[in-house]
Amino acid sequence: MSAELLQITLPDGSSKQVPRGTTVGDFVKTQIGAGLARAALYAKLDEEELDLSRPLQRSGKLTVFTNKSREGLDLIRHDAAHVVASVVQRLFPGTQVTIGPHTEEGFYYDFFRKEPFTPEDLARIEAAANEELRKDHPFVRKEVSREEALQLFEKLGEKFKIEIVEDIFAKGAKTLTLYSHGDWTDFCLGPHAPSTGRIGVIKLLNVAGAYWRGDHRNPQLQRIYGTAFFDKKDLDAWLKQQEEARKRDHRKLGKELDLFAFHPAAPGAVFWTHRGTMLFNALSNAMRQMCLRNGYQEVKTPLMYNKLLWERSGHWGKYKENMFLVLDPESKEDDKATFSLKPMNCPSHHLMYEMKKRSYRELPLRYHTQDVLHRNEATGVLSGLTRVRQFQQDDAHIYLMESQIADEVARLTTLIKRVYEAFGLTFTAKFATRPPQRIGADELWDRAERGLRDALEKTGLQYELKPGDGAFYGPKIDFDVSDSIGRKWQLGTIQLDYAVPERFELGYIGEDNKEHRPVLIHRAIYGSFERFIAILIEHFAGNFPVWLAPVQARIITVADRHFEWAQKVHEVLQARGLRVEIDHASEKLGAKIRDAQLAKVPYTLVIGDKEVEGKGVSPRKHGEGKEADLGFSTLDAFSEKLASEAAVPF
RNA sequence: GCCGACAUAGCUCAGUCGGUAGAGCAACGGUUUCGUAAACCGUAGGUCCCCGGUUCAAGUCCGGGUGUCGGCUCCA
């Protein structure tokens with residue numbers, strides 16, 4: 001069997017026969033073409049990733065990746081992480097290496113070193129790393145035994161590597177692969193590009209702390225973030241895009257558009273300006289109306305509760321760290337902290353639920369609340385509007401019978417989809433199952449997970465499975481949306497909960513005249529108004545659609561003599577519930593137009609002799625150039641138009 | 001909470017080697033009454049985040065605190 005032939009199928013369906021042992025690189029060169037051979041970085045034989053230098057050992061479907069593919073880019077970014085690590089160890093002896101994967105936008109490498117890396121260090125590392133690329137070191141792969149691997153890393157004093165190596169072998173690996181370039185060697189699953197020269201350019205971005213293996217009890221490592229591209233031009237384009245994205249940052253736009261502010265006296269709590277409040281209220285009212293149309297009861301409950309409630313709900317035990325406690329000087333308790341601001345609405349709703357005897361005929365009973373919540377978040381996690389200590393959710397708790405779960409979840413996913421699509425947001429759904437730390441019997445979890453999953457499957461929505469990511473009381477479906485710099489934020493959520501009704505001993509009288517336990521669904525669509533508004537600001541880059549815009553139209557006059565008609569226009573539009581303002585500045589028209597444009601007001605209404613004469617306005621749409629000028633319109637016609645655009649789209 | 005960086009006028013930002021702070025915009029006053037992205041002249045505005053230290057002298061150097069930012073852990 002010296003010339004055993006393998007059957008290698010290509011993506012176009014054609015297949016080639018080559019002797020076993022032919023390397024991937026040779027296969028590509030002889031069977032496909034020299035051009036692809038030069039461009040090739042690595043390949044996949046079925047699902048197995050192979051370096052070009054690896055011999056083909058079995059038949060299968062071969063896919064070759066070049067610099068034209070996402071996979072190719074991910075590969076050189078991983079290569080780049082190796083190059084950076086090698087340079088860091090040369091420039092900063094004594095630094096220990098850990099891991100360095102590629103990410104969405106680049107890569108990182110985690111190092112253990114006492115002294116922090118400074119921005120100057122980064123610049124040095126970056127320069128030296130790019131120098132390595134020019135040397136075009138080949139990546140050399142080698143398989144070693146457990147003993148060889150451990151011996152190598154013992155010698156190098158790489159404690160973290162040893163830990164990983166031990167783990168790999170403990171999981172049953174027979175050998176371990178090492179990759180070297182130049183005189184630097186690292187343990188790595190691979191694959192890698194043929195040589196360092198295939199990485200076009202490396203750019204280091206920043207340093208940050210990260211815990212070893214993501215556990216805060218472990219030593220803190222220094223994570224160097226960077227990115228790599230095939231071409232300097234691609235890097236420049238990416239940097240420019242990043243720059244553009246930063247212009248949409250909700251913190252920047254929030255200040256520029258005068259929507260909200262923060263003050264050191266209340267870290268993590270928002271000051272909403274009038275404009276911001278108008279936006280907030282537009283969202284709030286839209287949600288409120290939608291809930292009312294869909295069988296929800298809107299309720300308001302107290303913001304502060306005696307700890308009797310928190311002990312009952314389990315928050316006192318599990319969540320106390322995150323709650324703002326309120327001292328009661330009259331209290332007989334030692335710590336006087338007998339009250340707390342509510343961090344969630346659920347316990348309040350349960351109290352309301354149990355205030356009356358409930359019948360199965362009332363179910364599903366849906367409580368909707370937009371009350372203010374407080375959570376004492378760790379200082380380091382606060383971030384603009386996306387992570388705050390005081391916030392409002394478009395929260396709801398739905399009490400229902402188990403048989404109603406599928407329908408209710410289907411209704412919910414439909415609502416969520418409708419709302420997100422009305423904003424043009426693209427989202428991903430995640431199905432999160434039981435976490436290691438949980439309450440409730442496994443049998444309940446089985447039912448809950450099955451129920452939620454069945455309902456989700458029924459809706460046909462694409463979703464990602466997140467095992468172990470559920471809430472401590474039940475599995476959930478989360479809906480994520482990205483911000484302008486690509487960070488994903490959880491907005492909507494649907495959480496199924498059998499445990500809490502049990503804990504609160506909630507009941508309803510069934511058709512059989514017996515007491516039954518309801519199931520609970522926690523759900524939010526916006527998530528929190530604060531975070532949702534952050535996402536919207538970035539999504540629209542501050543150019544809100546009319547129905548959301550804090551100011552929907554700004555009236556500007558050509559000269560002071562037009563002021564009287566301007567006021568009349570203002571009155572008429574305001575009477576229709578539209579948000580309109582007059583620019584009183586003693587400026588030329590051009591300047592007022594510019595101000596209105598910078599304020600991103602959807603319509604600027606120009607009023608001069610012509611408009612006074614014709615009892616109308618000349619609207620100008622937000623935007624550039626001649627087409628922005630809509631010409632003359634009667635006041636009636638424009639007010640119709642604006643009112644129709646101000647309608648809630650869901 | 002942890003690691004790192006940053007904090008100067010309402011905003012955006014200069015401020016060299018340690019020698020008591022400056023611009024543009026905004027605000028205010030005046031002139032201008034103007035047709036689709038910036039009229040002109042003037043005035044005022046500062047606990048250089050806070051507390052302490054070094055120094056003849058601190059916006060600048062050092063220590064502590066607060067806040068913000070980038071991550072990590074956590075989370076809507």
Side-chain angles (χ1 to χ4, degrees), chain A residues 108 110 113 115-119 121-122 205-225 249 251-252 255-256 258 261-268 321-322 343-345 373 375-389 391-395 469 471 478-480 485 487 489-493 495 522 524-532 534-535 556-563 585-598 604-611 618-631:
Chain A
Y108 64 80
D110 285 348
R113 176 173 182 252
E115 304 73 36
F117 292 114
T118 65
D121 292 341
L122 272 204
L205 301 168
N206 55 344
V207 204
Y211 299 107
W212 168 236
R213 299 200 149 177
D215 191 325
H216 67 279
R217 289 163 301 197
N218 286 343
Q220 183 130 22
L221 308 171
Q222 294 188 62
R223 175 170 296 180
I224 294 184
Y225 279 94
D249 189 312
R251 291 163 297 199
K252 183 172 156 64
K255 210 181 280 179
E256 285 173 6
D258 191 24
F262 288 92
H263 192 278
E321 297 277 286
N322 280 293
M344 298 174 188
N345 289 305
L373 304 176
R375 296 184 190 172
N376 195 358
E377 302 287 354
T379 49
V381 307
L382 300 177
S383 176
L385 290 181
T386 50
R387 195 72 186 274
V388 289
R389 286 191 175 140
F391 59 105
Q392 283 165 264
Q393 296 180 318
D394 60 326
D395 205 2
D469 233 15
D478 285 335
F479 298 86
D480 286 357
I485 56 172
R487 292 181 297 198
W489 292 99
Q490 186 194 316
L491 300 181
T493 182
Q495 309 181 355
H522 310 246
I525 298 180
Y526 295 154
S528 77
F529 285 90
E530 285 75 6
R531 183 175 289 180
F532 196 68
I535 295 287
I556 61 181
T557 53
V558 175
D560 286 353
R561 65 177 177 278
H562 310 121
F563 198 66
S586 160
E587 285 286 355
K588 300 211 298 191
L589 190 65
K592 291 193 205 177
I593 295 270
R594 180 170 188 272
D595 288 345
Q597 293 296 309
L598 292 176
T604 308
L605 308 180
V606 176
I607 290 181
D609 291 339
K610 200 167 60 178
E611 290 73 23
S618 286
R620 185 193 204 277
K621 265 173 86 152
H622 174 67
E624 283 177 46
K626 287 235 158 51
E627 61 277 21
D629 186 352
L630 302 183

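So that the names make sense, note that chain A is the first sequence line, chain B the second, and so on, each numbered from 1. Side-chain atoms are counted along with the backbone in the values below, which use heavy atoms only and exclude waters and symmetry mates.
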Subject >> rU43(B) versus rC62(B) - spacing of their C1' atoms, nearest Å >> reply: 41 Å

**OP:** Go ahead and write out RNA chain B as dot-bracket, 5' to 3': ( ) for pairs within the strand, [ ] for ones crossing earlier pairs, | when the partner sits on another strand, dots for unpaired; Watson-Crick or G-U wobble, both distances under 3.5 Å.
**Re:** (((((((..((((.....[..)))).(((((.......))))).....(((((..]....))))))))))))....

Original post:
Checking all strands, does K592(A) fall into the base, sugar-phosphate, or nothing category for heavy-atom contacts under 4.0 angstrom?
Top reply: nothing

Original post:
Whole Å only: how far is the CG atom of D258(A) from the P atom of rA27(B)?
Top reply: 13 Å

Subject >> Whole-Å P distance, rC69(B) and rU12(B) >> reply: 13 Å

**OP:** Taking all non-hydrogen atoms of both residues into account, name the closest pair between G384(A) and F262(A) and its distance.
**Re:** O-CZ, 3.3 Å

**OP:** Have a look at D609(A) and say if it touches a base, only the backbone sugar-phosphate, or nothing, with a 4.0 Å heavy-atom cut-off.
**Re:** base

Original post:
Are W489(A) and the base of rA76(B) stacked, counting only ring centres nearer than 5.5 Å and planes tilted under 30°?
Top reply: no

Subject >> Sugar-phosphate only, base, or nothing, as touched by L373(A) at under 4.0 Å among non-hydrogen atoms >> reply: nothing

Original post:
Quick one: is K588(A) getting a side-chain N or O under 4.0 Å of the rC40(B) phosphate, OP1 or OP2?
Top reply: no

Original post:
Does T493(A) place a side-chain N or O at less than 4.0 Å from the phosphate oxygens OP1/OP2 of rA76(B)?
Top reply: no

**OP:** Quick one: label E587(A) by what it contacts on the DNA or RNA (base, sugar-phosphate, nothing), any heavy atom closer than 4.0 Å.
**Re:** base

**OP:** Write down the distance separating the C1' atoms in rC3(B) and rU16(B), rounded off to the nearest Å.
**Re:** 32 Å

Subject >> Smallest separation among heavy atoms of T604(A) and A596(A), with atom names >> reply: OG1-CB, 3.4 Å

Original post:
Within the structure shown, what part of the strands sits under 4.0 Å from A378(A) by heavy-atom distance: base, sugar-phosphate, or nothing?
Top reply: base

**OP:** Might you work through the side chain to side chain contact (heavy atoms under 4.5 Å, CB included) test for V606(A) and I593(A), ending with a clear yes or no?
**Re:** CA-CA 9 Å; V606(A) 176; I593(A) 295 270; 4.1 Å; yes

**OP:** To the nearest 0.5 Å, tell me how far D395(A) CG sits from H522(A) NE2.
**Re:** 9.0 Å

**OP:** With C1' as the reference atom in both, quote the distance from rU60(B) to rA14(B) in angstrom, rounded to an integer.
**Re:** 14 Å

Original post:
Which nucleotide, rG35(B), rA37(B), rG4(B), lies nearest any side-chain atom of P116(A)?
Top reply: rG4(B)

Original post:
With a 4.0 Å cut-off on heavy atoms, is G214(A) in touch with a base, just the backbone sugar-phosphate, or nothing at all?
Top reply: sugar-phosphate

Subject >> Value in whole Å for how far the P atom of rA37(B) lies from CD of Q597(A) >> reply: 8 Å

Original post:
Nearest to the side chain of A559(A) - rU33(B), rG67(B), rC72(B)?
Top reply: rU33(B)

Subject >> Euclidean distance for P, rA37(B) against rG24(B) (whole angstrom) >> reply: 25 Å

Original post:
What nucleotide among rC75(B), rG35(B), rA39(B) has an atom nearest to a side-chain atom of A591(A)?
Top reply: rA39(B)

Original post:
rG70(B) phosphate, OP1 or OP2: any side-chain N/O from S383(A) under 4.0 angstrom?
Top reply: yes

Original post:
So, is R387(A) close to the rC74(B) phosphate, meaning a side-chain N or O under 4.0 Å from OP1 or OP2?
Top reply: no

**OP:** Write down the distance between CD1 (I535(A)) and P (rA76(B)), rounded to a whole number of angstrom.
**Re:** 15 Å

**OP:** Determine whether any donor atom in the side chain of E611(A) lies under 3.5 Å from an acceptor atom in the base of rG35(B), or the reverse, and answer yes or no.
**Re:** yes

**OP:** Hey, can you tell me if Y526(A) and F532(A) have their rings parallel, tilted or perpendicular (30° and 60° cut-offs)?
**Re:** parallel

**OP:** May I ask you to say whether D110(A) pairs ionically with R223(A), meaning some side-chain N is under 4.0 Å from a carboxylate O?
**Re:** yes

**OP:** Determine the interatomic distance between C1' on rC13(B) and the same-named atom on rC17(B); round to the nearest Å.
**Re:** 23 Å

Subject >> Side-chain N,O (R217(A)) to OP1/OP2 (rG1(B)) below 4.0 Å >> reply: no

Subject >> Under-4.0 Å side-chain N/O to phosphate OP1/OP2 contact, Q222(A) with rC3(B) >> reply: no

**OP:** Examine the base of rU36(B) for any acceptor or donor lying under 3.5 Å from a partner atom in the side chain of T604(A), and report the outcome as yes or no.
**Re:** no

Original post:
To the side chain of V558(A), which of rU12(B), rG35(B), rA76(B) is closest?
Top reply: rG35(B)

**OP:** To the nearest Å, give me how far apart CE (M344(A)) and P (rC74(B)) are.
**Re:** 15 Å

**OP:** Rounded off to whole Å, could you give me the CG-to-C1' distance for the L589(A) and rU33(B) pair?
**Re:** 11 Å

Original post:
Going from OG1 on T493(A) to CG on D478(A), what distance comes out if it is rounded to the nearest 0.5 angstrom?
Top reply: 4.0 Å

**OP:** Report which part of the nucleic acid E256(A) touches: base, sugar-phosphate, or nothing (heavy-atom distance under 4.0 Å, all strands).
**Re:** nothing

Original post:
For R223(A), which contact category applies under a 4.0 Å heavy-atom criterion: base, sugar-phosphate, or nothing?
Top reply: sugar-phosphate

Original post:
Where do R251(A) and S383(A) come nearest, in terms of heavy atoms and distance?
Top reply: NH1-OG, 3.6 Å

**OP:** Examine rC75(B): is either OP1 or OP2 under 4.0 Å from a nitrogen or oxygen in the side chain of R389(A)? Give yes or no.
**Re:** no

Original post:
Closest approach of D215(A) and Y211(A), non-hydrogen atoms and distance?
Top reply: O-CB, 3.1 Å

Original post:
What does G590(A) touch in the nucleic acid at a heavy-atom separation under 4.0 angstrom: a base, only the sugar-phosphate, or nothing?
Top reply: sugar-phosphate

**OP:** Round to a whole Å and report the spacing from CD1 of I556(A) to C1' of rA39(B).
**Re:** 15 Å

**OP:** Take the protein atom NE2 of H562(A) and the nucleotide atom C1' of rU36(B), then report the distance between them rounded to whole Å.
**Re:** 14 Å

**OP:** Remember a base hit wins even if backbone is also touched, and classify A210(A) as base, sugar-phosphate or nothing at under 4.0 Å, heavy atoms.
**Re:** sugar-phosphate

**OP:** For Y526(A), report the nucleic acid contact type (base, sugar-phosphate, nothing); a contact means any heavy atom under 4.0 Å.
**Re:** nothing

Original post:
Between the base of rC3(B) and the side chain of R113(A), is there any donor-acceptor pair under 3.5 Å?
Top reply: no

Subject >> Non-hydrogen atoms of D394(A) and F529(A) that approach each other most closely >> reply: N-CE1, 3.9 Å

**OP:** For Q392(A), report the nucleic acid contact type (base, sugar-phosphate, nothing); a contact means any heavy atom under 4.0 Å.
**Re:** nothing

**OP:** Please evaluate the base of rG71(B) for a donor-acceptor partner in the side chain of Y211(A) within a cut-off of under 3.5 Å?
**Re:** no

Original post:
Contact class for D560(A) (heavy atom, under 4.0 Å): base, sugar-phosphate, or nothing?
Top reply: base

**OP:** Can you tell me, in whole Å, how much space there is between the C1' of rU73(B) and that of rU8(B)?
**Re:** 34 Å

**OP:** Answer syn or anti for rU12(B), where the cut-off is 90° from 0 on the glycosidic torsion.
**Re:** anti

Original post:
For rC69(B), does either OP1 or OP2 sit under 4.0 Å from a side-chain N or O belonging to R251(A)?
Top reply: yes

Subject >> Separation of atom CD in Q495(A) from atom P in rC75(B), rounded to whole Å >> reply: 11 Å

Original post:
When the P atoms of rU31(B) and rA21(B) are considered, how many whole Å apart are they?
Top reply: 35 Å

